[in-house]
Asker: 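Got a structure here, written out as structure tokens. Questions coming.
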Amino acid sequence: MRRMKVLDLSGVTAGYGDVQVLWGITLSIDEGEIVTLVGANGAGKTTTLKTVSGVVAATGGQILFDGQRIDRLPSHQIAIRGISHVPEGRRLFPLMTVRENLALGTASREARSNRGASLEHVFSLFPKLKEREAQMAGTLSGGEQQMVAIGRGLMARPRLLMLDEPSLGLAPIVAREMFEIIREVNREGITVLLVEQNVQQSLKIANRAFVIENGRVVLEGGGEELLDDKRVREAYLGS
């Protein structure tokens, strides 16, 4: 039986001022999946995430979340509906503590009412954050800061978690830990949309993937299927 569709983009166009970046993006994500967007720098992957979360306005097409149109909503209303966007670069408040940064993720009434349980859940996923909850976020290592960023996204109790380059700048051993955390989050029932420069690792954990070139989807398939695809290997894996 096919799972329920959580996110559906149909012919989505978007850009920055006079510069159009997305040229009719069409893709969908089923409940419980990990879906990866693959593409070169500047292909439109980050813009796709920003358009879903309302940070960038869609200029055409439509975006449905749980069957309801969201592309005309402001970003805070999209977040309240159950989409968490963890942006590239973490975007933490360096002079606030770990705990304070995490608390900022509780935007909706439901998230605020479950803040205590959500904090314990985040600390169970990232025990290091429990040890450092009173520490200023700006003094953490890069890996620990990424844990805070993902934890903040989880504090919103999302149905869809969008991650933009979660392993960027991390040591290989920390990056592997990050991918395992993503799998664990997904096993708990959260759907994941992932943009990641480590194409091999992201395809290994993905149920499905979409290849984006010049703001258009040019290829789609299962994660392992695309990992074995000659075009993908030559373009993004150097083999």
Asker: Give a yes or no on whether a salt bridge exists between Arg187 and Glu180, defined as a side-chain N under 4.0 angstrom from a carboxylate O.
Answerer: yes
Asker: Going by atom types only, do Gln135 and Thr97 share a side-chain donor-acceptor pair under 3.5 Å?
Answerer: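 Looking only at side-chain atoms, Thr97 and Gln135 do not form any donor-acceptor pair under 3.5 Å.
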Asker: Leu160 versus Phe65: any side-chain heavy-atom pair under 4.5 Å?
Answerer: yes
Asker: If hydrophobic clusters are built by linking Ile, Leu, Val, Met, Phe, Trp and Tyr wherever their side-chain heavy atoms come under 4.5 Å apart, do Val6 and Ile34 end up in the same one?
Answerer: no
Asker: Establish, from distance only, whether the side-chain atoms of Arg112 and Thr106 form a donor-acceptor pair under 3.5 Å.
Answerer: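 Not at all, the side chains of Arg112 and Thr106 share no donor-acceptor pair under 3.5 Å.
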Asker: For residues Asp164 and Thr46, is any side-chain donor paired with an opposing acceptor at under 3.5 Å?
Answerer: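 There is such a pair between these side chains.
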Asker: Do Leu219 and Val232 make a side-chain contact, defined as non-hydrogen atoms from C-beta onward lying under 4.5 Å apart?
Answerer: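 Touching, per the 4.5 Å side-chain cut-off.
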Asker: Find out if a path of hydrophobic residues (ILVMFWY) with successive side-chain heavy-atom gaps under 4.5 Å connects Ile205 to Val38.
Answerer: no
Asker: To the nearest 0.5 angstrom, please state how far the CG atom of Leu194 sits from the NZ atom of Lys45.
Answerer: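 The CG atom of Leu194 sits 11.0 Å away from the NZ atom of Lys45.
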Asker: Not counting sequence neighbours, which residues clear salt bridge (Lys or Arg N to Asp or Glu O under 4.0 Å) with Glu31? List them please.
Answerer: Arg159
Asker: Determine whether Leu27 and Tyr236 fall in the same hydrophobic cluster, where Ile, Leu, Val, Met, Phe, Trp and Tyr are linked whenever their side-chain heavy atoms lie under 4.5 Å apart.
Answerer: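 Different clusters: Leu27 never reaches Tyr236 through Ile, Leu, Val, Met, Phe, Trp or Tyr contacts under 4.5 Å.
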Asker: Cut-off 3.5 Å, side chains only: do Thr59 and Thr13 have a donor facing an acceptor?
Answerer: yes
Asker: Please tell me if the side chains of Gln62 and Ile70 come closer than 4.5 Å, counting only heavy atoms from C-beta onward.
Answerer: no
Asker: Are the side chains of Leu102 and Leu119 in touch, meaning some heavy atoms are under 4.5 Å apart?
Answerer: yes
Asker: Report the residue from Val148, Leu92, Val122 that forms a side chain to side chain contact (heavy atoms under 4.5 Å, CB included) with Val98.
Answerer: Val148
Asker: Could you walk me through whether Arg208 and Ser28 pass the side chain to side chain contact (heavy atoms under 4.5 Å, CB included) test, one step at a time?
Answerer: CA-CA 10 Å; Arg208 291 187 300 126; Ser28 63; 4.2 Å; yes
Asker: Within a strict 4.5 Å, meaning less than it, do heavy atoms of the Leu64 and Leu7 side chains meet?
Answerer: no
Asker: Do Val195 and Leu163 come within less than 4.5 Å of each other through their side chains, counting heavy atoms only?
Answerer: no
Asker: Under 4.5 Å between side-chain heavy atoms, counting indirect links through other Ile/Leu/Val/Met/Phe/Trp/Tyr residues: same cluster for Leu49 and Val86 or not?
Answerer: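 Shared cluster, no.
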Asker: Are side-chain heavy atoms of Leu9 and Thr26 found at a separation under 4.5 Å?
Answerer: no
Asker: Can a salt bridge be assigned to the pair Glu224 and Lys204 using a cut-off of 4.0 Å between side-chain N and carboxylate O?
Answerer: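 No, no charged N to carboxylate O under 4.0 Å.
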Asker: Would Val192 and Leu227 show up in the same hydrophobic cluster when neighbours are defined by side-chain heavy atoms closer than 4.5 Å?
Answerer: no
Asker: Tell me, please, which residues at least two apart from Lys128 pass salt bridge (Lys or Arg N to Asp or Glu O under 4.0 Å).
Answerer: none
Asker: Check each of Ser118, Ser113, Ser84 against Arg157 using the side chain to side chain donor-acceptor pair (under 3.5 Å) test, and report the only one that passes.
Answerer: Ser118
Asker: Within the 4.5 Å heavy-atom criterion, are Thr36 and Phe210 side-chain neighbours or not?
Answerer: no
Asker: Does Phe123 offer a backbone N or O that forms a donor-acceptor pair with the side chain of Lys130 under 3.5 Å?
Answerer: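 Not at all, since once roles are kept as given, no pair shorter than 3.5 Å links the two residues.
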